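Each chain gets a letter, A, B and so on, in the order the sequences are listed, and its residues count up from 1. From a predicted model like this one, the values you see are computed outputs, not experimental measurements.
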Number of protein chains: 2
Amino acid sequence: MAPSTGTTTGGVTIGQAAAFAGVTVKTVRHYHQHGLLDEPPRDSSGYRRYGSADLLRLVQVRTLATAGVPLAEVRPLLDADTEQFTAGLVDVEQRLTERIADLIARRDTLRQLTEGDRLLLPDRALAILDRLTDLGFDPDYVASQREALVLARALAPELFDIFLTQLEHRLDDPGFVDLTKRGWDARSWDPDDHRIDDLASALADNLLANPEHLALPTDYQPRPDDVTRYGLINHHLEDHAPTWTRLNTLVEAKLRAAGVPIPHQ
Amino acid sequence: MAPSTGTTTGGVTIGQAAAFAGVTVKTVRHYHQHGLLDEPPRDSSGYRRYGSADLLRLVQVRTLATAGVPLAEVRPLLDADTEQFTAGLVDVEQRLTERIADLIARRDTLRQLTEGDRLLLPDRALAILDRLTDLGFDPDYVASQREALVLARALAPELFDIFLTQLEHRLDDPGFVDLTKRGWDARSWDPDDHRIDDLASALADNLLANPEHLALPTDYQPRPDDVTRYGLINHHLEDHAPTWTRLNTLVEAKLRAAGVPIPHQ
DNA sequence: TGTGAAGCCTGACCCGAGGTCAAGGTCAAC
DNA sequence: GTTGACCTTGACCTCGGGTCAGGCTTCACA
């Protein structure tokens with residue numbers, strides 16, 4: 001409202017003004033640079049001198065800023081009339097509420113990660129991994145399966161629960177469990193080992209004999225990038241076991257020959 | 001255990017990888033630049049090619065990042081063992097909680113500003129301003145007092161409630177109210193008008209005759225910058241009324257002569 | 001087989017709300 | 001007259017990416 005100073009001392013320095021308002025000197029200069037605060041008069045050596053009106057303005061700006069009003073909106077708000085002022089505050093408050101809700105959601109996610117004992121998977125998937133360990137699978141195999149599940153959840157969330165159901169059914173079948181263990185042992189075989197063909201046949205027969213091992217929802221709608229996505233998931237283990245590439249290829253060929261659609265795991 | 005593409009093609013492009021992970025291409029490159037993700041191999045034309053292991057890592061990074069883990073902490077966290085991983089998550093969660101509490105405090109402040117009908121003052125101060133209006137004070141005087149109170153709250157928060165109590169006592173005294181109104185009228189007088197001396201005497205007498213108009217807490221501890229702070233508050237009105245400088249000076253001199261310490265208002 | 005669109009590459013600058021030097025001028029006290 | 005605190009401007013840093021700009025590469029369609 002009024003011009004600055006007018007008192008006998010000519011006003012206080014920027015350091016005092018900042019201290020009174022509870023901010024740093026840099027912050028006050030920042031407000032000047034961004035037009036929130038008019039520059040006060042300078043004394044003979046170029047120092048800024050703040051009068052009571054300048055301090056009042058600084059306090060007003062500071063009050064709004066600490067309340068969460070973005071700096072860009074402070075000046076329009078202080079220049080506005082009562083009605084616009086209140087409306088502006090309500091608007092800012094709403095945006096703050098949104099940010100709070102977002103942060104709370106993140107925290108909840110974090111808490112789930114922490115409480116879920118270990119990495120990035122829901123309880124149901126963790127139970128399956130525990131069951132693999134209980135069934136006597138190699139810890140390295142369990143670790144690989146964990147990775148494959150993480151990947152599956154991200155790349156094919158719409159099928160993730162289906163995958164889990166398939167896995168549960170398969171682990172209920174001792175025959176399948178046995179074949180899988182043999183498949184794991186096969187990772188160190190020579191890629192031309194003829195036992196791989198036998199194993200692939202046995203695996204394909206098992207899957208075809210147990211429809212719930214491959215069950216998909218009846219309303220499943222394929223997506224154009226399915227091949228890429230399932231390829232990445234299914235072949236993740238192959239990075240650790242080159243022979244698996246051949247085993248996988250053989251099993252797939254047999255399944256396709258029997259008319260089973262991709263995807264499966 | 002199934003279809004093919006992954007190993008034979010050498011992986012997916014950055015755009016596909018980003019789409020699978022639900023982020024933008026720029027975000028993936030950002031993660032490379034900051035060492036969160038190793039650079040995958042390039043194809044013959046220099047394009048990045050992401051394999052399943054790269055995608056797995058991207059998904060892990062993304063999960064932590066969306067949960068609110070600062071990017072700088074993602075890599076150490078993913079490289080840590082289970083124990084450190086959990087400890088790290090708990091730490092991040094705690095910091096998130098602090099930020100949430102801070103934002104909620106800001107929102108509460110905002111809400112008080114909105115509900116408090118008008119600018120930057122607690123209810124008790126607003127009641128006093130309303131009372132000034134009811135007592136017939138000039139709206140300009142009320143506005144000036146509002147500014148002085150805002151300034152006082154910021155510059156002397158430890159005395160703000162005391163100031164309000166003094167004001168309440170003074171407004172209970174019709175004699176003081178009358179003198180104050182005359183003082184307001186005096187703002188347009190000539191600074192040498194002899195009535196100013198009379199008014200100053202009457203004001204000082206009134207204050208001295210009513211100790212509660214000047215009451216300070218018995219345990220009040222002066223601070224070295226008191227003179228500056230009270231000077232700014234007391235003289236704020238003088239910007240609008242030069243004659244007030246003289247009136248204030250006279251009243252202060254009389255009070256000091258009577259042994260009353262600054263501060264007062 | 002050409003062509004246009006879409007995707008990829010790097011590099012540079014932008015946001016908010018200040019923090020942190022750097023290099024120098026000024027002031028008050030000893 | 002020197003020391004140390006305070007003031008000046010200016011430039012670069014944060015964090016999590018967004019948004020061009022300019023130049024290649026690849027893909028789908030005619």
Side-chain angles (χ1 to χ4, degrees), chain A residues 9-37 39-50 54 58 61-77 92 95-96 98-99 102-103 106 224-225 228, chain B residues 9-37 39-50 54 58 61-76 92 95-96 99 102-103 106 224-225 228:
Chain A
T9 70
V12 300
T13 67
I14 195 171
Q16 290 175 292
F20 287 154
V23 300
T24 67
V25 169
K26 172 69 196 190
T27 298
V28 177
R29 287 200 275 245
H30 191 67
Y31 291 165
H32 286 314
Q33 277 187 329
H34 289 71
L36 287 149
L37 243 42
E39 289 274 357
R42 309 281 182 131
D43 65 16
S44 59
S45 55
Y47 289 12
R48 294 177 181 85
R49 289 290 172 171
Y50 295 80
D54 302 308
L58 175 57
V61 167
R62 194 57 206 165
T63 302
L64 292 181
T66 57
V69 179
L71 292 197
E73 295 169 31
V74 167
R75 177 176 266 263
L77 220 43
V92 170
R95 277 178 289 163
L96 262 187
E98 285 169 18
R99 277 188 58 197
D102 177 60
L103 286 186
R106 284 164 186 254
D225 59 355
T228 307
Chain B
T9 70
V12 301
T13 68
I14 195 171
Q16 291 175 291
F20 287 154
V23 300
T24 67
V25 169
K26 173 69 199 192
T27 298
V28 177
R29 286 200 276 244
H30 191 67
Y31 292 165
H32 286 314
Q33 277 186 331
H34 290 72
L36 285 147
L37 242 43
E39 288 274 357
R42 310 280 181 130
D43 66 16
S44 59
S45 56
Y47 288 14
R48 295 175 180 85
R49 288 290 172 173
Y50 295 81
D54 301 309
L58 175 57
V61 167
R62 195 56 207 165
T63 303
L64 292 181
T66 57
V69 179
L71 293 195
E73 295 168 33
V74 167
R75 176 176 267 263
V92 170
R95 276 178 291 164
L96 261 188
R99 277 189 57 198
D102 177 59
L103 286 186
R106 285 164 186 254
D225 59 355
T228 307

Distance below 4.0 Å between Ser45(A) side-chain N/O and dT8(D) OP1 or OP2 | no

Protein-nucleotide distance (His34(A), atom NE2; dC15(C), atom P), rounded to Å | 8 Å

Side chain of His30(A) only, please: which of dA17(C), dG25(C), dT9(D) is the nearest?
-> dA17(C)

Indicate, with a heavy-atom threshold strictly under 4.0 Å, whether Arg99(B) touches base, sugar-phosphate, or nothing.
-> nothing

Nucleotide nearest Pro70(B) when distance is taken to its side chain, options dT26(C), dT10(C), dG16(D) = dG16(D)

Can you tell me the distance, in whole Å, between the CG atom of Leu64(B) and the C1' atom of dG16(D)?
-> 15 Å

Closest to the Arg62(A) side chain: dG18(C), dT9(D), dT26(D)?
-> dG18(C)

Can you tell me how far P of dA6(C) sits from OH of Tyr47(B), to the nearest Å?
-> 15 Å

dist Thr228(B):OG1 -> Phe20(A):CZ (nearest 0.5 Å) comes out at 5.5 Å

Sidechain-backbone polar pair: Arg62(B) side chain, Gly22(B) backbone, donor-acceptor under 3.5 Å | no

Distance in angstrom units between Arg42(B) CZ and dG7(C) P, rounded = 19 Å

For Asp43(A) and dA28(C), give me the distance from atom CG to atom C1', rounded to whole Å.
-> 14 Å

Expressed in angstrom and rounded to an integer, what is the separation of Arg75(B) atom CZ from dC15(D) atom C1'?
-> 19 Å

Closest of dT26(C), dG19(C), dT8(D) to the Thr27(A) side chain is dG19(C)

Between Val69(B) and Ile14(A), name the one whose nearest nucleotide on DNA chain D is closer to the 5' end.
-> Ile14(A)

Determine whether Asp54(A) and Leu37(A) make a side-chain contact, defined as any pair of heavy atoms from C-beta on separated by less than 4.5 Å.
-> no

Please figure out whether Gly46(A) or Lys26(A) has its closest DNA chain D nucleotide nearer the 5' end.
-> Gly46(A)

Going by modelled atom types, is there a donor-acceptor pair between the base of dG16(D) and the side chain of Tyr31(B) at under 3.5 Å?
-> no

Round to a whole Å and report the spacing from CD of Gln33(A) to C1' of dC12(D).
-> 13 Å

Short side-chain N/O contact from Arg29(A) to OP1 or OP2 of dG19(C), under 4.0 Å = no

To the nearest Å, give me how far apart NE2 (His32(A)) and P (dT8(D)) are.
-> 8 Å

Would you call Tyr50(B) and Leu58(B) a side-chain contact if the rule is heavy atoms closer than 4.5 Å?
-> no

Establish, with yes or no, whether the OP1 or OP2 oxygen of dC7(D) is under 4.0 angstrom from a side-chain nitrogen or oxygen of Thr13(A).
-> yes

Between dG18(C), dG16(D), dC7(D), spot the one nearest the side chain of Leu71(B), thanks.
-> dG16(D)

Arg75(A) side chain near His34(A) side chain, heavy-atom distance below 4.5 Å | no

Have a look at Arg48(B) and say if it touches a base, only the backbone sugar-phosphate, or nothing, with a 4.0 Å heavy-atom cut-off.
-> sugar-phosphate

Under 3.5 Å: donor-acceptor pair, side chain of Arg49(A), backbone of Asp43(A) | no

Which nucleotide, dT8(D), dT26(D), dG19(C), lies nearest any side-chain atom of Thr24(A)?
-> dG19(C)

Could you check Ala65(A) against Val25(B) and say which one's nearest nucleotide on DNA chain C is further toward the 5' end?
-> Val25(B)

